[in-house]
Amino acid sequence: MSSSKLSRLPSIRERVEDTLAAHRNELVSLLSRYVEQEKSILQPHHLIDELDNIIGDDDSEAIVLPPFVAIAVRPRPGVWEYVRVNVHELSVEQLTVSEYLRFKEELVDGQEEDRYVLELDFEPFNATFPRQTRSSSIGNGVQFLNRHLSSLLFRNKESLEPLLDFLRAHRYKGHGMMLNDRIQRISRLESALVKAEEYISKLPPDTPYSEFEYELQGMGFARGWGDNAARTLEMMHLLSDILQAPDPSSVENFLGRLPMVFNVVVLSIHGYFGQANVLGLPDTGGQVVYILDQVRALEKEMIQRIKKQGLDITPRILIVTRLIPDAKGTSCNQRLERVSGCEFAHILRIPFRTEHGILRQWISRFDIWPYLEKFAQDSANEIAAELQGLPDLIIGNYSDGNLVASLLSQNMGVTQCTIAHALEKTKYPDSDIFWKNFEDKYHFSSQFTADIIAMNSSDFIITSTYQEIAGTKNSVGQYESHTAFTMPGLYRVVDGIDVFDPKFNIVSPGADDSIYFPYSAKENRLVSLHGSLEKLLYGPEQNKEHIGVLEDTSKPIIFSMARLDRVKNITGLVELYAKNEELRGLANLVIIAGYLDVAQSSDREEISEIEKMHSLIKQYNLEGQLRWIAAQTNRARNGELYRYIADKRGIFVQPALYEAFGLTVVEAMTCGLPTFATCHGGPLEIIEDGVSGFHIDPYHSEKTASLMADFFRRCNEDPSYWTKISEAGLQRIQERYTWKIYSERLMTLAGVYSFWKYVSKLERRETRRYLEMFYILKFRDLVSL
Ligand code: UDP
Ligand code: LCN
């Protein structure tokens, strides 16, 4: 913990003491009730309900071990304080994070006296790094870093040396860019810039670079400043500004526009990574969609930038994934596949190898850990061969991709970007403290260890929402939950990640606008698909693709589409619909999810959800009102389906128990379909409740069902209500969720963080060595086959 956090502790203790004094009776009765129960953990929602009026409305956790109650108080996102109350004596003491975790471990181990538990603590390594302090600035890392960098560069002339070195070190396949050998010192750079600016400013703005390249070479400049006089001059002005008096926006502009990123490696390992016939297969969902869209947008942005930089370089993007020989009708057994809509982006597949040979079948993402080290080694060779050199940026996706990205970028010295998509820890309550109970099925010990390694080795982290980093006032963020936790018997994390670290940046994805567009855009509608959609929704045949018949086809449709995972809670939606007679009368339910037949599935969670779906259909006699359709892999047709359902004034529902981001929510809203989505996770931020859609709480299913019934009733009375919500949803999307904004941002971040990595490389070495030790001593043991 940092000293600033420590110095706050007495105040929270005082608060508890004051509360004890002021609400003696309520507290004694509340805490005594807890203590009368057995030892336990009180989850935030229990506590919030009860402590709200007593200690305040913070999100807290309490551990009950009679006669003590230890409380982790969270006064605001990212800030934690710990106290322990002795209920018999009504005394309060403050705890350090380590003491709190030790106390929590007693839930599992009883009073273990082992003083030598491995504690993981990154705080000392980060103590010299800049850190933001306001919860509201979390997720704007690059802005903060630019301020820091500009003041760093401002100190004196020597402080500008790293910038000069950085520019001089700039090369592509051995060719220098920006500066040549004539410029060795800052003073020389300054005078050369003055000369060059004077010379270029006399040229017509659109003069091509080649026409003044020779003169510039003589002054000490190489290519990369711009493709014409105007752009070159602009870039030189930016650098002159920085040399004279750096300000955050010129630093960001200059670094963001430097020619730095030509070869990108994107790692996405598990699942079936393909362009067709894969969506909806187990472990294969939004991440694949996100990456394919991201890569298309990125290629466009890179081509544009390279052109504007006046360079003649062909960019390359490699999506590196697992090759699955038994590919089940997908292309996942092909080594190299071009990404459609791209010229220079490919999927490169590399098999999992062990001493017994190549692993032929798909395996769950939870079982993937033992194969990754070898996969990283094999990929390093294949990537180098494909690119004929090193990449400039490595982007990891999900825990497995991020671990491999860490291994590769440590090895190659390349800037690393982390994208989590979903960190599993927050999805499964108590999966850290009771990790042993999850070990057989989920191997969370390996996954959380990999996550800690990756988030700490990464140069920058992109998230889709704020809550992914630091949650909300009342819920803990996905990254935040890695700040302090314990896995008894393994290790204790007292400072695993700091959500105030400027490496965090919120950059939200969008939906591909050629596939997802408003239902009202008549000229683009794929009406030729309507026949097949009607068959899919209403056709009488009962087969492996669909079961159930919608008897009253005039009713609007409640639509949901997701992988058939437990956490997606599709069965919860079916059950809440089944139980609400009014809703059943007002609308039909259409579900697209998974397989309909257990025999087709090899995923344990999916199999149990399939069984549950069948039993609900029987139990509630849903045959005439529910259509259950197997996973659909045709994206263009899925896009038209959202719009077809919008034509009929339906809604989209995303009922997940927890959803990290929720691409289907963005897709549905982009098509103008009013959307009801879970308040647990990303959708809470995407939708403004009651304005651009609705939040639903899957843990309060009756309330959710009546909210939907109210909506349909209101639309029956006033059809303009449907349009109002639909339009507000569209507006929300246009303002925030586009791939164009995303790719511009990503390129800028790559520039700024590469420079920051360069400037801070010596300090980073300490973290790197610590991480290496942790990897070798812990991770490798956990994953040995
Ligand atoms: N999807 C699909 N067919 C299906 C189920 C899902 O095409 O049967 C697509 C869906 O349109 C979305 C993605 O898979 O693009 C799911 O992304 P989301 O972020 O909603 O959830 P994830 O599966 O990543 O957890
Ligand atoms: C993984 C998830 O679970 C979703 O919530 C996201 O939308 C998807 O990845 C894309 O980031």
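Residue Phe344 is tested with Asn263, Ile303, Ile317 for a side-chain contact (heavy atoms from CB on, under 4.5 Å); the sole match is Ile303.
A donor-acceptor pair is defined here as one N or O able to donate and one able to accept, closer than 3.5 Å; such a pair exists between the side chain of Gln275 and the backbone of Arg338.
A pairwise comparison of heavy atoms in Leu407 and Ala376 identifies CD1-CB, 3.9 Å as the closest pair.
The side chain to side chain donor-acceptor pair (under 3.5 Å) test applied to Ser446 returns no partner, not counting sequence neighbours. For His148, the side chain to side chain contact (heavy atoms under 4.5 Å, CB included) criterion is met by Pro130, Leu152, Trp756, not counting sequence neighbours. For Asp206, there are no side chain to side chain donor-acceptor pair (under 3.5 Å) partners two or more places apart in sequence or in a different chain. The side chain to side chain contact (heavy atoms under 4.5 Å, CB included) check on Ser464 picks up Tyr290, Glu468, Pro509, Phe661, with sequence neighbours excluded.
Annotation: Tyr775 is in aromatic contact with Phe779 [ring centroid separation under 6.0 Å]. Two rings, from Phe212 and Tyr199, have their centers 6.0 Å or more apart.
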Margin query: Between Asp247 and Ser250, is the side chain to side chain donor-acceptor pair (under 3.5 Å) condition met? List the steps.
Written below: CA-CA 6 Å; Asp247 71 84; Ser250 35; 2.7 Å; yes

Check: What do the steps show when you test Tyr753 against Asn505 for side chain to side chain donor-acceptor pair (under 3.5 Å), and what is the final call?
Finding: CA-CA 11 Å; Tyr753 286 94; Asn505 286 282; 2.8 Å; yes

Next item on the list: Apply the test side chain to side chain donor-acceptor pair (under 3.5 Å) to residues Asp283 and His270: give CA-CA distance (whole Å), side-chain angles for both, the deciding distance (0.1 Å), then the verdict.
Entry: CA-CA 7 Å; Asp283 288 357; His270 69 256; 5.3 Å; no

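Using a 4.5 Å heavy-atom threshold, the side chains of Leu233 and Glu197 count as touching.
Listed by first and then second residue, the side chain to side chain donor-acceptor pair (under 3.5 Å) pairs involving residues 412-424 are Arg365-Glu424, Asn397-His421, Tyr398-Glu424, Ser406-Gln416, Ser409-Gln416, Thr415-Ser754, Gln416-Ser457, Thr418-Ser458, Glu424-Lys427 (not counting sequence neighbours). Under the salt bridge (charged side-chain N to carboxylate O under 4.0 Å, His left out) criterion, the residue pairs touching residues 211-234 are Glu213-Arg223, Asp227-Arg231, Asp227-Lys307, Glu234-Arg257, with sequence neighbours excluded.
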